[in-house]
Structure formats: structure tokens, C-alpha cells
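These notes concern the structure reproduced below.
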Amino acid sequence: MAILIDDPQWPAHGRLWAHLVSDSNLDELHAFAAANGIPRRGFDLDHYDVPDEAHARLVAAGARHVSAHTLVRALIASGLRVRARDRR
């Protein structure tokens with residue numbers, strides 16, 4: 001089981017955002033986010049959006065830094081991925 005985070009490269013609301021995911025289950029993801037001060041409102045069905053200023057802190061807390069491609073592949077492999085067409 002691992003918590004993964006990609007580079008903060010997604011612009012929104014005047015800042016850059018990274019994605020935080022679990023490679024195995026959402027309970028693990030929610031527990032890690034809560035323990036590290038990431039509000040539940042940042043959860044988007046299969047990942048948390050986290051601001052760039054939280055990135056280093058989350059890596060120091062145990063999130064594994066990976067590329068966006070690796071993160072998506074791990075999310076798909078876990079069965080937790082929510083496809084864009086299913087987000088409606």
C-alpha cells in the first residue's frame with residue numbers, strides 16, 4: 001500500500017495543484033489526508049487535489065513522489081480510478 005503524489009502542475013484558482021492518491025484503497029487515502037491537514041473538500045472521487053505549497057510536506061510525511069503518468073497507471077491498476085465520463 002502506498003500514497004502517491006504527482007508534480008504540482010495543474011493550474012486552478014491562481015495556483016498549481018498536485019494529485020494525491022492511494023494505490024490500494026480510499027480509506028488509506030482519507031486517513032493520510034486527514035492526518036496531514038488536507039481538508040475533505042479537496043477530495044474529487046478518486047484523488048485529493050493538493051496545493052503546491054503542501055507537496056514537500058506530504059512527501060516528507062510518506063507520500064511517494066511519482067510522475068503524473070505513473071500516478072494514473074497506479075490508480076487504474078488499483079481499480080479506484082473514476083473515469084471522466086463517469087464523473088457526471
Side-chain angles (χ1 to χ4, degrees):
M1 294 195 288
I3 299 296
L4 309 175
I5 190 168
D6 63 3
D7 290 316
Q9 61 184 353
W10 311 100
H13 311 291
R15 61 194 340 172
L16 294 176
W17 298 81
H19 298 120
L20 186 72
V21 306
S22 170
D23 70 351
S24 61
N25 70 69
L26 293 179
D27 291 336
E28 173 189 38
L29 177 60
H30 292 309
F32 182 86
N36 289 284
I38 302 301
R40 185 69 180 246
R41 71 179 177 272
F43 182 67
D44 186 15
L45 301 177
D46 60 4
H47 69 278
Y48 278 86
D49 293 318
V50 296
D52 57 350
E53 62 269 11
H55 190 273
R57 178 173 52 84
L58 294 170
V59 170
R64 192 175 74 176
H65 179 237
V66 297
S67 70
H69 179 77
T70 298
L71 183 137
V72 171
R73 290 182 55 82
L75 192 56
I76 291 168
S78 74
L80 299 174
R81 177 72 172 145
V82 177
R83 299 173 300 181
R85 70 177 181 215
D86 296 330
R87 289 182 174 273
R88 296 181 213 152

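Each residue takes its place number in the sequence, starting with 1. Quantities reported herein were computed from a predicted structural model and do not represent experimental measurements.
Using a 4.5 Å cut-off between side-chain heavy atoms of Ile, Leu, Val, Met, Phe, Trp and Tyr, with links allowed through other members, W17 and L58 fall into different hydrophobic clusters. In the hydrophobic clustering of ILVMFWY residues, with side-chain heavy atoms under 4.5 Å counting as a link, W10 and L45 come out apart.
More than 12 heavy-atom neighbours from other residues, nucleotides or ligands sit within 6.0 angstrom of CZ on R15. The 12-atom threshold is exceeded at CZ of R57, counting heavy atoms of other residues, nucleotides or ligands nearer than 6.0 Å.
Of the inter-residue distances, the one linking I5 atom CD1 with L71 atom CG reads 9.0 Å to the nearest 0.5 angstrom. Atom CG of residue L26 and atom CZ of residue F43 lie 4.5 Å apart, to the nearest 0.5 angstrom.
Here A77 pairs with nothing under the side-chain contact (heavy atoms from CB on, under 4.5 Å) rule; sequence neighbours left out. The salt bridge (Lys or Arg N to Asp or Glu O under 4.0 Å) test applied to D44 returns R87, not counting sequence neighbours. In this view, H30 and R40, Y48 satisfy the side chain to side chain donor-acceptor pair (under 3.5 Å) rule, not counting sequence neighbours. The side-chain contact (heavy atoms from CB on, under 4.5 Å) search around I76 returns V72, R81, not counting sequence neighbours.
Residue L16 belongs to no hydrophobic cluster, having no ILVMFWY side-chain heavy atom closer than 4.5 Å to its own.
Scanning all heavy atoms of the two residues, the minimum distance from S22 to L75 falls at O-CD1, 4.1 Å. Here the closest heavy-atom approach between residue S78 and residue S24 is recorded as CB-N, 4.2 Å.
Side chains of D49 and H19 form a contact here, defined as non-hydrogen atoms less than 4.5 Å apart. Side-chain atoms of V21 and D46, non-hydrogen and from C-beta on, never get closer than 4.5 Å to each other.
Identified under the salt bridge (Lys or Arg N to Asp or Glu O under 4.0 Å) test for residues 20-36, with sequence neighbours left out: none.
Side chains of H65 and D7: a donor-acceptor N/O pair is present below 3.5 angstrom, by distance only.
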